[in-house]
Amino acid sequence: MIILLMAAFAGIVLFETPGLIQKKYWRELIVFFMFLLLAFIVSLLQIFGAKVPNPVKGITILVKGFLSLMK
Amino acid sequence: MKLEGGKIAGSELVFLMIGFTLGSSLILSPAQAAKHDDWLAILAGLGEGLVFALIYTTLAVRFPGKTLIQFNDIIYGPYLGKIISLGYLWYFLQLGSLVLRNFGDFFTTIIYPETPMIVFIVLVALICASAVRNGIEVIARCSILLVVFTFVVIFGTAILLAKDMKFTNLLPVFDIPLREFIKASHSAATFPFGETVAFLMVIPFLKKVKEAKTSSIIALIMAAMLLVVVAVRDTAVLGITKTISTYPAYQAVRLIDVGKILTRLEILIAINLLSMGFLKIAVLYYGAVLGTAQLLKLRSYLPLVLPMGAFMVSLSTLQFGSNIENINFAQEIYPYYALPFQVGLPLISLLIAILRGVPKKMKGAKK
Amino acid sequence: MLQRIFKKIHVQQILNQNVQEKDSASPKVSQDNLSRDLKQNLKMLRNILGPSSDVVIREFSFGCEEKINAALIFLDGMTNKTIINESIIKPLMYHARLISPEELRPTNSIEIIKRTMLSVGEVKKVTPLEEAINDCLAGDTILLINGFHEALVVSTKGWEARSVEEPKTEAVVRGPREGFTETLRVNTALLRRKICNSNFILETLQLGQKTKTNVCIAYLMGVANPRLVEEVKSRLKRIKTDAILESGYIEEFIEDAPFSPFPTMANSEKPDVVAAKILEGRVAILVDGTPMVLTVPMVFIESFQSAEDYYSRPYYASLVRTLRFLAFLITITAPAAYVALTTFHQEFIPTPLLITMAAAREGTPFPAVAEALIMGTIFEILREAGVRLPRPIGSAISIVGALVIGESAVSAGLIGAPMVIVISLTAIASFVIPSQSDVAALARLILTILAGFLGAFGIIIGLLGGLIHLCALRSFGTPYFSPLSPLSLLDLKDVFFRVPMWAMLTRPRGIGWHDFKRQKWGLMPRPPRKNE
Amino acid sequence: MVKRGSLFLRILAISLIILLTAGCWNRRELDTLAIVSGTGIDKPEEPGKVQITVQIIKPGEMKAPQAGGGGEGGSGGQKPYWTVTATGDTVFDTIREMAHKSNRKLFFPHNEIIILGEDAAEEGVQKYLDFFARDHEPRWLAWVLVGKNTASEVLETKAELEKVPAISISKLIEARGATSEASAVTLHEFLTRLMSKTTAPVASLIEVSGQGKEKTALLTGTAVFKKDKLAGYLNKTETRGLLWVLNEIKSGIIDVECPGGKGKVSLEIIRARSKIIPEIKDNTLHLAVEIDEEGNLGSQMCSDDLTSESAWKTLEKNQAAVIHNEVMAALKKARELNTDIFGFGEAVHKKYPKLWKDIEDKWDEFFPNLEVAVIVDAKLRRSGLITKTVKPE
């Protein structure tokens with residue numbers, strides 16, 4: 001599973017970077033790697049079974065808190 | 001630097017918007033809380049949704065050629081604007097992952113219980129990525145054929161189910177307390193009508209910005225009509241069992257049996273979901289990617305497509321432990337969570353823009 | 001992927017080298033001009049044309065007391081002997097007896113010969129040797145006269161050519177039966193006969209550094225979009241290659257999406273089809289040496305339109321048109337759908353049918369996907385064998401092969417009988433749309449594999465991918481999926497239905513139309529009104 | 001912009017690789033399926049357990065009828081079906097349990113009938129039917145039946161015209177229209193009634209008759225449930241009474257007395273329509289059942305001349321009376337069992353939603369005393385190919 005994930009992300013890197021380097025889009029390259037790293041870390045943690053903070057839980061707490069304030 | 005070279009016609013916007021609105025709401029019937037009155041709730045929700053659409057299109061027409069992210073900067077100034085834009089990008093991304101998750105849940109529930117959900121999510125995300133990389137023009141063009149096909153399927157199944165329909169199932173009309181009804185209709189307004197806020201990323205690429213208003217109103221009304229047809233079909237066929245069905249449309253079409261030959265057409269619903277949901281995800285995905293590129297002032301949005309997609313995929317698997325969590329979120333939390341993005345901020349933006357007379361001033365300064 | 005870049009750069013270098021080499025190597029034909037001495041000229045020509053056996057050099061003398069030496073150089077088999085004998089040699093030898101060398105002395109006097117003595121339609125005066133030789137190689141005759149550094153090139157082209165026949169690939173029941181031939185001039189004439197209009201332009205280019213193939217662009221000025229014509233020309237001029245032997249070469253050099261399986265340029269063998277397309281505003285590219293004429297831009301639905309649709313009555317034509325779409329759908333999805341149904345979605349098969357199919361499958365060793373792929377491959381092999389073999393054996397072998405393989409494989413229990421039915425249905429359907437049959441084969445393969453892994457979901461994903469690709473494709477600026485999306489309601493008149501001729505009011509908009517209106521409104525036949 | 005074509009191809013390649021590495025999860029070839037055609041649920045001796053019988057089609061045997069003409073009887077291997085029984089704690093568990101007996105995985109989408117044994121039905125069926133409603137394989141169009149005997153007995157009967165008993169039973173139900181004396185209830189309908197607060201579920205009743213190897217199954221009426229527990233049975237007449245009210249009469253024969261009183265006349269039902277109309281008169285709730293029926297003269301077992309106007313009118317009147325009696329019989333039985341099998345409650349709910357809120361919870365007390373008026377309008381349309389009967393003038 002991890003190998004598959006690595007392969008997928010390596011595929012993305014190989015797919016995108018050559019074109020960017022050719023065109024000298026350094027800024028884009030940095031943003032690209034930032035997002036990719038984010039996605040990679042999140043999915044890796046999920047595969048390892050680590051408890052990734054779930055944004056939906058956060059939203060739920062936020063909304064519930066807000067609603068109780070309203071009442 | 002222009003990030004998107006494509007231009008779309010008004011008619012294409014109509015189709016794209018219909019597809020977007022039908023999206024996952026074809027199978028997860030909106031306003032299911034209103035039970036057999038859900039068609040009324042959808043109509044009421046449409047009323048609310050039309051007001052939303054008016055706000056969006058007024059904004060879009062005020063800032064021709066500028067996307068949500070771009071005019072946020074103008075309205076709120078560079079810092080606050082960026083924070084608000086960030087919020088929107090998150091909203092698009094999260095909504096996209098929600099729809100992806102719906103896909104996964106749907107397919108693993110109905111046909112492929114043993115297949116890992118991630119397979120479906122990844123494949124759908126890949127297809128959407130290829131559409132997004134091709135630009136809004138291609139997404140819009142794909143929508144025409146897909147929406148027409150969905151039309152045919154919705155009406156076709158309704159005709160095939162005609163003999164199983166009991167319209168008395170719709171009676172008594174307006175059988176639920178007003179409070180519940182308003183809650184249901186509001187939830188229909190936020191899902192799916194209000195989600196068209198994502199089109200603030202698309203309308204700028206309209207050939208004639210003036211067409212935005214009529215196009216989106218036509219699209220919302222058509223989509224609502226289709227949803228009403230679906231809701232009425234499902235209620236008339238399923239009756240009370242609709243309220244316990246996870247996917248009423250699917251369940252209803254499973255009951256088609258015409259002469260023992262035309263039976264088991266439920267795969268059509270899967271195709272519908274896939275094609276409409278594809279449009280929905282593609283638009284949201286496109287909005288998120290283009291928005292990020294504009295926010296960070298990149299020269300091309302293409303390199304962001306795949307990383308964003310990967311993030312969306314991991315987000316969608318992360319979000320819910322089960323489909324029950326998903327349903328609860330959609331019914332209880334989502335209508336409030338979506339409120340600031342769908343109404344609050346656009347309304348405030350519009351007010352500020354009008355008060356400051358923003359677009360005119362900017363135009364004068366620029367030219 | 002990085003490797004790919006390096007490879008790309010590498011190939012680029014090689015290509016640059018090649019072009020340079022070519023430029024340096026080609027002038028075996030020197031830039032020299034002809035000299036005044038006939039002997040020297042002939043020596044030079046022999047040198048250049050080499051020991052080719054088909055080069056004929058006919059030396060002769062004419063004029064008063066046969067004092068003027070001259071030579072004819074032509075290629076045997078490429079020239080029309082009658083013209084050479086009757087219109088060049090005869091007048092010179094018989095009627096020019098009285099001309100003395102002195103009379104020819106004045107510098108412009110070769111002009112006299114050209115004007116008065118050669119009874120041939122096209123004669124030109126040429127000084128550079130290279131040009132003369134090129135013309136000679138194309139079938140003209142060079143007339144060299146001693147004492148002149150100019151040569152006369154007499155047009156004597158004439159060679160054995162196939163006559164205009166009915167094309168084998170596009171047979172029709174109703175409609176013209178002539179087809180293009182391998183000779184460019186005949187082809188342009190065929191087109192010219194269809195469109196008698198001074199706006200009908202035929203521009204000729206020479207492509208291929210080694211073959212010097214004549215390529216002709218045909219369009220109707222005022223109807224074709226000038227931008228399109230310019231685009232075609234500039235793309236053609238970009239081609240720097242050795243040889244153009246068939247229009248397929250050109251197609252691959254100038255098409256929009258070289259990696260796409262879909263053809264973005266249409267081809268036809270029938271003058272009426274090409275003429276109709278030119279009249280719609282398209283540009284045709286005729287290549288010498290092939291009867292296949294390219295037309296651009298191409299849209300997807302063109303594959304489903306046949307010439308005969310427009311010659312037969314509209315109801316039947318529309319029915320057949322719809323059938324073709326259906327056949328296309330069947331040919332790409334039938335094996336995939338069968339695989340998906342039998343391995344994933346057995347619940348969608350009506351019970352009695354399921355039992356029959358299950359009974360047919362009892363004991364067959366391969367999974368359904370493998371069956372589909374095996375049978376598909378066998379079908380493609382049979383088809384190929386049938387096409388390549390000499391015609392009389394070909395059809396027999398393919399029929400026998402199919403029967404033997406199909407019949408015996410089923411009775412031996414290797415393949416389920418339903419699969420054979422599905423594959424044969426697919427095969428028959430694929431013959432309905434010949435121009436997309438290669439796409440269909442590829443799509444069928446991909447969809448079958450996808451269906452084998454994910455059932456209907458795989459098929460839908462595959463079709464969606466195909467749709468995205470189709471929507472993104474363009475052919476010379478025209479969206480490939482054109483009248484369907486971007487939707488043009490006006491152009492739907494010729495997609496699923498073929499409306500009657502009197503209702504075909506406009507040219508297709510998708511093709512960058514220029515002159516929008518095709519015909520007068522209200523041409524529907526009707527009985528005369530009273531006051532008329 | 002990167003080349004579009006190449007992107008498409010690459011994505012295809014990537015997805016193919018993913019697919020290839022990931023394998024195939026839900027794939028099952030046709031010859032690995034055990035196609036279930038009928039399911040029976042029984043309550044075994046042991047308390048708290050479920051006994052399930054499934055009938056699996058053997059496609060190979062279905063195809064080849066040539067071996068020994070008919071071929072049942074002697075060697076069991078030639079039967080084109082296989083009936084398996086297993087016992088377990090829950091429905092799903094039991095079905096999975098069968099994996100020990102059947103090398104192929106049970107495949108439910110083609111399951112046409114669900115037979116509930118009497119014992120199981122009396123105990124309450126919600127817990128049994130949940131699986132069939134929830135799982136993605138079984139269809140909601142399967143027929144629900146109650147077997148007076150155990151379900152496994154019913155599934156082991158012999159079918160003469162069909163090869164598989166379960167399919168035979170399913171066709172039996174589909175052919176009910178000829179008499180309209182058996183109800184046909186799909187799982188979906190059953191669930192709808194089960195979910196309704198007032199309407200009582202019904203199911204077809206099936207019985208085994210005959211002895212030994214000559215056992216056959218036949219439909220004998222309707223099983224009536226109270227909530228999810230079996231409450232009682234309707235016989236054929238009462239069943240037709242029920243069907244009159246439910247507007248489900250397709251065809252059938254009505255036997256009436258000859259006007260002369262010597263023998264019977266059979267009238268064939270051609271068309272029938274009914275409506276339930278709740279009404280509030282003088283502050284009390286009334287229900288009217290309006291039935292419109294059209295019939296043909298089918299056969300005449302007496303020698304009277306029926307062509308006279310008065311005789312014809314009498315026949316029509318008799319016909320209406322028979323229908324009326326049938327409905328009343330059903331009504332009587334329903335009152336006895338206190339089960340609203342007609343959906344009167346829902347009809348009231350739809351017409352008087354406000355009033356309904358008050359009586360909803362007291363419907364059980366309301367129903368037996370509800371005034372129901374049955375208004376029958378029966379017509380005779382045609383007399384067939386002859387007018388007067390065949391007899392010497």
I need the B:Lys166 NZ to D:Thr192 OG1 distance, nearest 0.5 Å.
7.0 Å

To the nearest 0.5 Å, what is the distance between CG (D:Leu141) and CG (B:Asp164)?
7.5 Å

Output the distance between atom CD (B:Gln251) and atom NE2 (D:His136), rounded to the nearest 0.5 Å.
12.5 Å

Given the options D:Lys357, D:His188, D:Arg193, D:Glu346, which has more heavy-atom pairs under 4.5 Å with chain B than any of the others?
D:His188

Can you measure from OG1 (B:Thr168) to NZ (D:Lys351) and round to the nearest 0.5 angstrom?
13.5 Å

Whatever's closer than 4.5 Å to a heavy atom in chain D on B:Ile256 counts as backbone

Interatomic distance, CD@D:Glu137 vs CD1@B:Ile111, rounded to 0.5 Å, equals 12.0 Å

Treating D:Arg139 as the side-chain partner and B:Arg254 as the backbone partner, does any N or O pair qualify as donor plus acceptor under 3.5 Å?
yes

Can you confirm whether D:Arg134 is buried at CZ, in the sense that more than 12 heavy atoms of other residues, nucleotides or ligands lie under 6.0 Å from that atom?
no

Please determine whether the number of non-hydrogen atoms from other residues, nucleotides or ligands lying under 6.0 Å from atom OH of D:Tyr352 exceeds 12.
yes

Roughly how far, to the nearest 0.5 Å, is the CG atom of D:Leu191 from the CD1 atom of B:Ile240?
11.0 Å

Engaged part of B:Ser245 at the chain D interface, taking heavy atoms whose separation is under 4.5 Å:
side chain

For atom NZ of B:Lys163, decide whether the heavy atoms of other residues, nucleotides or ligands shown that lie under 6.0 angstrom number more than 12.
yes

Non-hydrogen atoms of chain D under 4.5 Å away: do they reach the side chain of B:Ile110, the backbone, both or neither?
backbone

How close do D:Lys350 and B:Asn169 get, heavy atom to heavy atom, and via which atoms?
NZ-OD1, 4.0 Å

